[in-house]
Protein chains: 2
Amino acid sequence: MAEDKRLILLIEDEPQMRRFLRITLQGHGYRLIEAVAGEEGLTQAATRNPDIVLLDLGLPDIDGLEVTKRLREWTQIPIIVLSAREQEEDKIRALDAGADDYLTKPFGAGELLARIRVALRHTATQHGEEEAVFVLDNLTVDLVKRQVMLDNREIHLTPIEYRLLTTLIRHAGKVMTHSQLMKEVWGPVYVNQSHYLRIYMAQLRHKLEADPARPRFFINEPGVGYRLKVDFD
Amino acid sequence: MAEDKRLILLIEDEPQMRRFLRITLQGHGYRLIEAVAGEEGLTQAATRNPDIVLLDLGLPDIDGLEVTKRLREWTQIPIIVLSAREQEEDKIRALDAGADDYLTKPFGAGELLARIRVALRHTATQHGEEEAVFVLDNLTVDLVKRQVMLDNREIHLTPIEYRLLTTLIRHAGKVMTHSQLMKEVWGPVYVNQSHYLRIYMAQLRHKLEADPARPRFFINEPGVGYRLKVDFD
DNA sequence: AGCTCGCGTAAAAATGTCGTAAAAAATTCG
DNA sequence: CGAATTTTTTACGACATTTTTACGCGAGCT
């Protein structure tokens, strides 16, 4: 079950804080990527597409505030700031720059984990104002449990497959262009590698369509992109 | 404009804290409802439909934790807990019960306001669904879904056909010259290759007109260009 | 009449996209 | 560390779209 492990990007330069967080987070079932500087963090965010970012404000190269703004130019991924600065002004600036939460060091591991759960809960429910469960004919996707059911049988999807599916679900009915899908699923640096799409769309069709060669759900709009068909008139 | 002011529900029993928050929040353009106990707060939340809830944990009747859980049974409205309890265990319990944020008293007004903005930002991005549908007689074009319907039947258009159609729609009723159309659909390099237009205009008429030879929508203005006719007299 | 010009139509050739399979590389897990 | 899973790379036939090319029609002009 690799798809239910959330990926966390930690941008932090102090080795001993990194070590503490590595143990805490991995011990609670998260996968972790680490970056020791701002630019590196931005690159990692773009290429690895994590589920959440933990960001230290005092970085060796660029300021954490700047990292927040640069991230917010293209993604709504949750950002939790971890900082030794306890001035109210610092908190306000970070939050208004786009951070979702702000913890002052030192903080307890339990509180951090709880706030991570809050942030992840947001992304889970954010795209499902109606329901956290998406139903389309014999296909059921539980966005909270990250569980995909087909005719009441659980279907295992790889992380990318699942991400692609939920991205289509979030924009159900609408055509999504190649670059939109690439940006949301693989990250913005992969925009022109759109042949990945064909491969993973084929995987989804094989796992979820009755007749993969003649898909009912995963429709291609030639030259444009794909869409999840929801209305059968 | 009272309607575009966000409505905040404050559930808090201490009069002096209520007074402080009333001044702070109303001073920053929010409308405020106050409840001094848990049950009252739950009722207010259900009847007044606020945009956000500020919740004190230490209430005279039921515990703030319980209020959080009861709210979460039916609504995803942001809850920010304000509490004097600074034990980590209290924070974790509140956040896991469904609270979105937790501030320990005493807190600065600026930080509270910033965290309110964060919470409102979350709900704002959720409802980011717009509709842009163009209707002309039995023809319907959904510009968001990129879907064209004719008599409730879906019509497939190629990328160029669709771009040509939407270009005409954007200038509905007005005549567009050959070069204008060429520029917008094919790009400025193709301005003089205007015989492409005849071919694709024919395609559109075949796909969307009842009698392609005698078009009702896609009208040629000889020597000038084409226009999409919208008014039938 | 004969000619030209803009328009509509039709069918080819050329180009690019899509679906598929399968091997190589990377990552995760025990 | 080695096995298993997942992602990336590579290749190719089938197909859809765009572009090219060709022809017919009618209006206006000489």
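Numbered from 1 within each chain, the chains take letters A, B, ... in sequence-line order. Only a predicted model underlies this, so the values are computations on that prediction, with no experimental measurement involved.
Between the CG atom of Asn192(A) and the P atom of dG16(C) there is a distance of 16 Å, rounded to whole Å.
Tyr226(B) comes within 4.0 angstrom of sugar-phosphate atoms only, judged by non-hydrogen atoms across all strands, and of no base.
Look at Asp137(B) and Arg216(B) and you find a salt bridge, because one of the NZ, NE, NH1 or NH2 atoms lies within 4.0 Å of a carboxylate O, short of that distance.
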So if I define the base as every atom that isn't primed, P, OP1 or OP2, how would nucleotides 10-23 of chain D read as a B/S/- string at a heavy-atom cutoff under 4.0 Å? B-----SSBBBB--
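Side-chain polar atoms of Asp100(B) and His122(B) form no donor-acceptor pair below 3.5 angstrom.
Open room surrounds NZ on Lys183(B); 12 or fewer heavy atoms of other groups in view lie less than 6.0 Å from it.
Classification of the Trp186(B)-Tyr196(B) ring pair by plane angle, with boundaries at 30° and 60°, yields tilted. Using cut-offs of 30° and 60° for the angle between ring planes, the Phe107(A) and Phe20(A) rings count as tilted.
Scanning residues 166-176 of chain B for heavy-atom distances under 4.0 Å to DNA chain D yields an empty list.
For the pair His178(A) and dC18(C), the criterion of a side-chain N or O lying under 4.0 Å from OP1 or OP2 is met.
Cation-pi geometry between Arg205(B) and Phe217(B) is not satisfied (NZ or CZ under 6.0 Å from the ring centre, within 45° of the ring normal).
Residues satisfying the ring pair (Phe, Tyr, Trp, His ring centres under 6.0 Å) test with Phe218(A), not counting sequence neighbours, are none.
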